[in-house]
Amino acid sequence: QVQLVESGGGLVQAGASLRLSCAASGRTFNAYSVGWFRQAPGNEREFVAAVGWNGSRRYFLDSVKGRFTISRDNAKNTVYLQMNSLKPEDTAVYYCAARRTGYVPTTPVPFDYWGQGTQVTVSS
């Protein structure tokens, strides 16, 4: 069992940066792939970024490439989503998710564990 807790969301102006954290419980977190997803009101949950168990494989939504980075510190059981040059269209609740697997999912369905989400609001 893995429990995930997101933090770092907030209200910022366009062009600002935020760093989201996903802190996990469990001693085998380094065996999990982790993804970040977001959901705006009225929209489906959308893939944002994902990272493999050792950080070597990383995937991004096209619209965030060059602005967002994903990293992990397995010693701290934490995955980070650094978001730069934020735009109003990045406004959403951001969720992290985890799955114990050797591949890196980029859709919501394969992930077994989810956090409660953290709100990111970008004003224009």
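- Ser71 OG to Gln82 CD: the interatomic distance, rounded to the nearest 0.5 Å, is 8.0 Å.
- Between Pro88 and Ser123, every side-chain heavy-atom pair lies at or beyond the 4.5 Å cut-off.
- Listed here is the closest heavy atom pair of Arg67 and Leu86: NH1-CA, 3.9 Å.
- A distance of 11.0 Å separates OG1 in Thr118 from CG in Leu81, rounded to the nearest 0.5 Å.
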Quiz item: side chain to side chain contact (heavy atoms under 4.5 Å, CB included) between Tyr95 and Arg45: does it pass, once the steps are laid out?
Solution: CA-CA 9 Å; Tyr95 300 89; Arg45 194 161 295 190; 3.5 Å; yes

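- When the shell of 6.0 Å around CD of Gln116 is examined, it contains more than 12 heavy atoms from other residues, nucleotides or ligands.
- Here the shortest heavy-atom pairing between Val51 and Gly55 reads CG2-CA, 3.5 Å.
- A salt bridge does not link Asp90 to Lys87: none of the charged side-chain nitrogens sits closer than 4.0 Å to a carboxylate oxygen.
- In this structure, CG on Asn77 lies 8.5 Å from CZ on Arg72, to the nearest 0.5 angstrom.
- A cation-pi arrangement, defined by a distance under 6.0 Å to the six-membered ring centre and an angle within 45 degrees of its axis, is absent between Arg99 and Tyr32.
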Practice problem: Go through the steps to decide whether Val79 and Trp36 satisfy the test side chain to side chain contact (heavy atoms under 4.5 Å, CB included), and finish with yes or no. | Solution: CA-CA 9 Å; Val79 172; Trp36 283 97; 3.7 Å; yes

Quiz item: Going through the checks in order, is the side chain to side chain contact (heavy atoms under 4.5 Å, CB included) test met by Val12 and Leu18?
Solution: CA-CA 8 Å; Val12 297; Leu18 282 173; 3.8 Å; yes

Practice problem: Report the C-alpha distance between Thr28 and Arg100 in whole Å, list the side-chain angles of each, state the deciding distance to 0.1 Å, and finish with yes or no for side chain to side chain contact (heavy atoms under 4.5 Å, CB included). | Solution: CA-CA 9 Å; Thr28 60; Arg100 183 168 182 158; 3.5 Å; yes

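- No continuous path of ILVMFWY side-chain contacts below 4.5 Å connects Trp53 to Leu4, so the two sit in separate hydrophobic clusters.
- In this structure, Arg57 CZ and Ile70 CD1 are separated by 12.5 Å, a value rounded to the nearest 0.5 Å.
- Aromatic ring centres of Phe37 and Trp114 lie closer together than 6.0 Å.
- Note that CG of Asn84 and CZ of Phe68 are 8.5 Å apart. Values are rounded to the nearest 0.5 Å.
- Side-chain N or O atoms of Ser33 include one that pairs as donor or acceptor with a backbone N or O of Tyr103 at under 3.5 Å.
- Between the side chains of Asp73 and Thr78, not a single donor N or O lies within less than 3.5 Å of an accepting N or O.
- Neither Tyr80 nor Tyr59 shares a network with the other; the hydrophobic side chains, linked directly or stepwise wherever heavy atoms of I, L, V, M, F, W or Y lie under 4.5 Å apart, form separate groups for each.
- Using modelled atom types, one finds no donor on one side chain facing an acceptor on the other under 3.5 Å when comparing Thr91 with Glu89.
- Here the CZ atom belonging to Phe29 is positioned 6.5 Å from the CG atom belonging to Asn74, to the nearest 0.5 angstrom.
- Between Tyr94 and the options Gln39, Glu6, Arg38, a side-chain hydrogen bond (donor to acceptor under 3.5 Å, both in side chains) holds for only Arg38.
- Residues Pro105 and Phe111 form a side-chain contact, since some pair of their non-hydrogen atoms from C-beta on lies under 4.5 Å apart.
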